[in-house]
Visitor: 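Here it is: the structure, laid out below.
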Amino acid sequence: MENREYKALILNDYPYAYYAQWVKEGKKKIETRMNKLFSFRGDVVICCGKTNSVSYNRGKAICIVEIYEGRDMKDTPKEKHAACIGYEPGRKALLLRNWRHFNRDFEFTSCKTKGSFQSMFDIKLPEDIQIIHKPEILPFVELV
């Protein structure tokens, strides 16, 4: 039986910056936070914010990714491209891999989180949700 309970993270789809959708598509392979690095490593459901988002993803859980590494963001063209955002001192990078989609995106219940809206919260997948692995979406690879 697959896990039905996950940590979740809200990203917004702003005009011209569809962060949640870009994660789902695998275009955004690095999620960033200013001056904050989560200690959590593992699977996280990506949800699209309801209040500040402008896309059809508003208020929906749209995919699962694995956060496998966290570190300072590097000021390189490749890293900025993978994060879909510019470099700023203090920006932290959460590297993503192991993309999974749902048979349907679903509305998630808003819940209070401690601290800013960028905090993680718990979410339970509805019983009818099936998880579809997306091995064709590859993680960010750093040049060694």
Side-chain angles (χ1 to χ4, degrees), residues 3 5-126 128-144:
N3 182 27
E5 294 183 14
Y6 291 87
K7 292 293 184 191
L9 190 59
I10 295 174
L11 280 67
N12 287 302
D13 280 350
Y14 298 111
Y16 309 107
Y18 295 90
Y19 297 129
Q21 181 63 31
W22 292 345
V23 168
K24 181 178 181 178
E25 294 170 357
K27 176 180 177 181
K28 183 171 175 57
K29 298 173 184 293
I30 300 174
E31 174 52 15
T32 63
R33 293 287 186 259
M34 282 305 297
N35 301 311
K36 181 173 184 168
L37 193 56
F38 297 123
S39 60
F40 177 82
R41 299 293 172 267
D43 290 338
V44 62
V45 172
I46 301 298
C47 297
C48 186
K50 190 177 249 180
T51 305
N52 296 317
S53 293
V54 298
S55 75
Y56 53 86
N57 292 326
R58 290 178 76 227
K60 293 182 181 173
I62 61 173
C63 68
I64 301 173
V65 293
E66 178 190 352
I67 297 172
Y68 71 95
E69 183 180 339
R71 56 169 172 70
D72 290 332
M73 185 176 175
K74 297 176 183 173
D75 189 8
T76 66
K78 188 174 179 182
E79 190 137 327
K80 289 183 273 191
H81 179 77
C84 300
I85 198 164
Y87 171 81
E88 286 186 46
R91 185 160 280 168
K92 305 301 182 188
L94 299 166
L95 280 60
L96 310 176
R97 67 180 175 197
N98 194 12
W99 270 259
R100 283 144 293 161
H101 290 178
F102 303 121
N103 58 318
R104 67 174 178 84
D105 297 339
F106 61 93
E107 290 192 16
F108 68 95
T109 304
S110 296
C111 63
K112 283 265 189 199
T113 58
K114 292 181 181 176
S116 75
F117 73 93
Q118 295 184 340
S119 296
M120 288 191 181
F121 61 96
D122 295 325
I123 191 170
K124 186 172 182 180
L125 303 185
D128 68 319
I129 293 297
Q130 297 171 14
I131 298 170
I132 303 161
H133 292 269
K134 304 299 274 183
E136 66 275 14
I137 301 177
L138 301 176
F140 173 73
V141 177
E142 295 183 73
L143 298 176
V144 180

Visitor: Once rounded to the nearest 0.5 Å, what's the spacing between atom NZ of K27 and atom OH of Y19?
Guide: 10.5 Å
Visitor: Using 4.0 Å as the upper bound for N to carboxylate O, is an ion pair formed by R71 and E79?
Guide: yes
Visitor: So which atom in K24 and which in C63 form the shortest heavy-atom distance, rounded to 0.1 Å?
Guide: CA-SG, 3.8 Å
Visitor: Using side chain to side chain contact (heavy atoms under 4.5 Å, CB included), reason through I30 and L96 one step at a time and then give a plain yes or no.
Guide: CA-CA 6 Å; I30 300 174; L96 310 176; 6.0 Å; no
Visitor: How close do L11 and S53 get, counting heavy atoms only, and between which atoms?
Guide: O-OG, 4.3 Å
Visitor: Quick one: NE2 on H101 to CD1 on I129, what's the gap to the nearest 0.5 Å?
Guide: 13.0 Å
Visitor: Would you name the heavy atoms of M73 and A83 that are closest together and state the gap between them?
Guide: CE-CB, 3.9 Å
Visitor: Between F102 and F106, is a ring pair (Phe, Tyr, Trp, His ring centres under 6.0 Å) present by the stated rule, with each step listed?
Guide: CA-CA 9 Å; F102 303 121; F106 61 93; 5.3 Å; yes
Visitor: First locate atom CZ of R41, then atom CG of L94, and finally report the distance between them rounded to the nearest 0.5 Å.
Guide: 6.0 Å
Visitor: So Y6 and V44, do their side chains get closer than 4.5 Å, heavy atoms only?
Guide: no
Visitor: How long is the span from the CD1 atom in I10 to the CG atom in N52, to the nearest 0.5 Å?
Guide: 10.0 Å
Visitor: Taking the six-membered ring of W99 as reference, does the NZ or CZ atom of K29 fall below 6.0 Å from its centre and within a 45° cone about the axis?
Guide: yes
Visitor: E88: what forms a side-chain hydrogen bond (donor to acceptor under 3.5 Å, both in side chains) with it, not counting sequence neighbours?
Guide: R91
Visitor: Write down the atom of N103, the atom of D128, and the distance for their closest heavy-atom approach.
Guide: ND2-O, 3.3 Å
Visitor: In the structure I gave you, are the side-chain heavy atoms of K92 and D72 within less than 4.5 Å of one another anywhere?
Guide: yes
Visitor: Check A61 against V45 and note the closest heavy-atom contact, atom names and distance.
Guide: CB-CG1, 3.8 Å
Visitor: With the side chain counted from C-beta on, respond yes when V23 and V65 share a heavy-atom pair under 4.5 Å apart, and no when they do not.
Guide: yes
Visitor: Report the distance from atom CE of M34 to atom CD1 of I85, rounding to the nearest 0.5 Å.
Guide: 9.0 Å
Visitor: As a quick check of understanding, evaluate side chain to side chain contact (heavy atoms under 4.5 Å, CB included) for F121 and F108, giving each step before the final call.
Guide: CA-CA 11 Å; F121 61 96; F108 68 95; 4.0 Å; yes
Visitor: Give a yes or no on whether a salt bridge exists between E142 and K74, defined as a side-chain N under 4.0 angstrom from a carboxylate O.
Guide: yes
Visitor: Looking only at side chains, do D13 and S55 share a donor and an acceptor under 3.5 Å apart?
Guide: yes
Visitor: Can you list, pair by pair, the side-chain donor-acceptor contacts under 3.5 Å of residues 131-139, counting residues two or more places apart and other chains?
Guide:
from	atom 1	to	atom 2	distance (Å)
K134	NZ	E136	OE2	3.3

Visitor: Side chain to side chain contact (heavy atoms under 4.5 Å, CB included) for R100 and N98? Distances and angles first, verdict last.
Guide: CA-CA 7 Å; R100 283 144 293 161; N98 194 12; 3.5 Å; yes
Visitor: Rounded to the nearest 0.5 Å, how far apart are CG of D105 and CZ of R58?
Guide: 14.5 Å
Visitor: Check for me whether K28 meets the cation-pi criterion with F140, that is, NZ or CZ under 6.0 Å from the six-membered ring centre and within 45 degrees of the ring axis.
Guide: no
Visitor: Going through the checks in order, is the side chain to side chain contact (heavy atoms under 4.5 Å, CB included) test met by K36 and S119?
Guide: CA-CA 10 Å; K36 181 173 184 168; S119 296; 3.7 Å; yes
Visitor: Write down the atom of A8, the atom of I123, and the distance for their closest heavy-atom approach.
Guide: CB-CG2, 3.7 Å
Visitor: Please evaluate residues D43 and K7 with respect to the criterion salt bridge (Lys or Arg N to Asp or Glu O under 4.0 Å), reporting the C-alpha separation (whole Å), side-chain torsions for both, the decisive distance (0.1 Å), and the verdict.
Guide: CA-CA 7 Å; D43 290 338; K7 292 293 184 191; over 6 Å; no
Visitor: Looking at side-chain heavy atoms only, is the closest gap between L9 and F38 below 4.5 Å?
Guide: yes
Visitor: Strictly by ring pair (Phe, Tyr, Trp, His ring centres under 6.0 Å), give each pair with a member in residues 50-86 just once, sequence neighbours left out.
Guide: none
